[in-house]
Amino acid sequence: MTLRRAGALVSALIALSAAAADPKAPDPIAAEAKRRSDALVQDGFNMTHGWTFQAAGEGAPLLFEFLLPKASDEHRLSFWMETQGGEASVKLGGPQGLFLFAWTGRSGEVAVARALPAGKYVLEIDASKSTGGRALFGVKGFLVHRCEMNASRTLERPAAPGRGFHWPYFLFVPPEARAGHLLVAPNNTGFETDDLEVIGASSSCEVRRQAPLADKLGTPLLAPLFPRPPAAVDGEYLYLHALTRAALRTDVPAFRRVDLQLLAMVEDARAYLAAKGIAVDKRLLLRGFSASGSFVNRFAVLHPENALAVACGSPGGWPIAPSDREGADALPYPVGTGDLAALTGKPVDAEALKRVAWFFFLGDKDANDAVVFRDSFSKADEELVFRLFGKAPVSRWKKAETLYAKAGLDVRFVLYPGAGHEVTREMDADVAKFFEARLAGGPPPGRN
């Protein structure tokens, strides 16, 4: 079936089947769901989400909401569903009454490829007349979906320009806040947007991901809602989520020095928590991956007096070198610290930096490299990194470790076999052990 709406092509392939599943088979529907999920990931889909249905008559319809930012590129949507018996129905609608698909059956799939308007989309699945089954939904293209947060433990603190921060932040407080420190997880939408609804949805998922760690450590969790401006400002792209050079240079008040805005958020959170009888130190636990890995890495170099421990995953292809030079070559920010004093008016505190514990982690199949993109590094930076340190993130890893060790820093660099640009369960477990060891006052757990 081929549909044309608003000049865009929508292709829908629906195959309805009445064949009964073999009750003796080892759940072939689950195996098919995994096969399809793996295929979507391999095809570069940004998001995949799966559901397992309960027995007939149980539960209200499943609702899955997601937001698409402003974009001119085509999105690809993929939906598949199969029941063990009985029928299920699905429908997907978007903003301004946009209707994408709806059908009812025992099994089926739909593929959509078109440019979609920005706004909120709702996928609804009603499996109440089935005897159980599975569904899988995937999106290729920029999107976010809002994650459920513990409403009794999470609040949104509003922007307070008079107190130094122009954007809101989420604060999660575990039932037992015992550690005396804040865990900070900077946000990273993965695309350009200054839409607070989109940013808030993205950050809600960061809170959802990091809340178990905060619970385990006994630390309140702070997640800022910083934007990634969608247009160049003063001729430079403000990749605030990565704390790039342009982020330090801009004079636009709302975007200026988000590192200092984060410090102001921390002070606001400390005051709020103190009023609740929870005292936290100004020294932070910082955790980030990819662009937010670059953020925590660079933030801690800029403000080592405010960092207790930093868990930094896949930091943009190159972690900032804790040195001004490499041989005869100057290392400007963000390649190194060569001109930070001129950029910020504050030299790097080398002694305070030695009191920070560092844990860097990277998959040995991770080829995600921000060095080659102009929103993160200049062409001169790229040429410098390639010439001095290597042409790929993994090939630079040992050199970065050497530079941190040479600076006398408390550091571990770990490569994870077989992992790509992802945070695996093993990485999560090692991050937790690293923070636990630092909070206990001991060295990070050894690992080669």
Side-chain angles (χ1 to χ4, degrees), residues 186 236-250 257-260 286 288 290-307 310-362 366 368-413:
E236 295 182 294
Y237 284 95
L238 295 182
Y239 199 169
L240 303 182
H241 293 172
L243 198 54
T244 58
R245 186 179 186 88
L248 297 185
R249 288 164 50 91
T250 182
R257 292 299 301 271
V258 287
D259 58 316
L260 298 181
L286 295 151
S290 195
S292 59
S294 294
F295 189 106
V296 297
N297 177 210
R298 295 164 183 176
F299 176 90
V301 170
L302 286 164
H303 307 285
E305 68 281 2
N306 293 98
V310 183
C312 176
S314 188
W318 176 249
I320 181 173
S323 53
D324 295 348
R325 308 186 68 82
E326 174 67 0
D329 292 285
L331 301 179
Y333 185 88
V335 179
T337 60
D339 58 352
L340 270 179
L343 272 175
T344 67
K346 174 187 171 185
V348 175
D349 188 335
E351 291 306 310
L353 205 54
K354 293 177 181 178
R355 294 191 288 272
V356 180
W358 298 86
F359 177 63
F360 289 94
F361 57 98
L362 181 74
D366 191 341
N368 191 277
D369 191 4
V371 172
V372 300
F373 292 101
R374 299 292 79 89
D375 59 1
S376 299
F377 291 83
S378 70
K379 183 62 177 176
D381 291 338
E382 177 188 343
E383 292 171 352
L384 185 64
V385 169
F386 274 36
R387 178 167 56 85
L388 294 177
F389 308 123
K391 294 185 177 181
V394 172
S395 67
R396 303 171 195 141
W397 199 241
K398 185 58 73 172
K399 185 62 175 179
E401 180 179 17
T402 300
L403 290 174
Y404 273 73
K406 184 179 178 181
L409 305 189
D410 179 0
V411 65
R412 298 290 186 279
F413 276 75

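Taken from CZ in F360 to OG in S314, the straight-line distance is 12.0 Å, to the nearest 0.5 Å. Atom-to-atom distance recorded for L243:CG and R257:CZ is 8.0 Å, nearest 0.5 angstrom. For the atom pair CZ (R412) and CZ (F359), the distance works out to 10.0 Å, reported to the nearest 0.5 Å. Once rounded to the nearest 0.5 Å, the distance linking CG of L403 with CD1 of I320 reads 11.5 Å. Going from atom CG of L353 over to atom CD of E305 covers 10.0 Å, rounded to the nearest 0.5 Å.
Taking all atoms of both residues into account, the shortest heavy-atom contact from A247 to T250 is O-CG2, 3.8 Å. Shown here for N368 and P393, the closest heavy-atom pair between the two residues is O-CG, 3.6 Å. Nearest heavy-atom pair, L384 versus P332, reported as atom, atom and distance to 0.1 Å: CD2-CD, 3.9 Å. Taking each heavy atom of V356 and P304 in turn, the nearest pair found is CG2-O, 3.6 Å. Scanning both residues, P334 and D381, for their nearest heavy atoms gives CD-OD2, 3.8 Å. Heavy atoms only, all atoms of each residue included: V411 and A405 are closest at CG1-N, 4.3 Å.
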Margin query: Using ring pair (Phe, Tyr, Trp, His ring centres under 6.0 Å), reason through Y239 and F373 one step at a time and then give a plain yes or no.
Written below: CA-CA 11 Å; Y239 199 169; F373 292 101; 9.7 Å; no

Stepwise side chain to side chain contact (heavy atoms under 4.5 Å, CB included) test for R396 and L362: CA-CA 11 Å; R396 303 171 195 141; L362 181 74; over 6 Å; no

- Criterion side chain to side chain contact (heavy atoms under 4.5 Å, CB included) on L286 and F295, from CA distance to verdict: CA-CA 9 Å; L286 295 151; F295 189 106; over 6 Å; no

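Between F413 and W397, the ring planes lie perpendicular to each other; the angle is over 60°, past the 30° to 60° tilted range. Note on ring orientation: taking the six-membered ring where Trp is involved, the planes of H303 and F299 are tilted (angle from 30° to 60°).
Using a 4.5 Å cut-off on side-chain heavy atoms (C-beta onward), T244 and R298 make contact. Residues T344 and D259 are not in side-chain contact: their nearest non-hydrogen atoms beyond the backbone lie 4.5 Å or more apart. Within the 4.5 Å cutoff, the side chain of D324 has no heavy atoms near those of the V348 side chain. Considering only heavy atoms from C-beta on, V335 stays 4.5 Å or farther from E326 through its side chain.
For residues 318-347, the set of pairs meeting the ring pair (Phe, Tyr, Trp, His ring centres under 6.0 Å) definition, not counting sequence neighbours, comprises W318-F389.
A salt bridge links R387 to D329: at least one charged side-chain nitrogen sits closer than 4.0 Å to a carboxylate oxygen. A salt bridge links R245 with D339; the closest basic N to acidic carboxylate O contact falls under 4.0 Å. A salt bridge links E382 with R374; the closest basic N to acidic carboxylate O contact falls under 4.0 Å.
Side chains of S294 and N297: a donor-acceptor N/O pair is absent below 3.5 angstrom, by distance only.
Atom OH of Y237 is surrounded by 12 or fewer heavy atoms from other residues, nucleotides or ligands within 6.0 Å.
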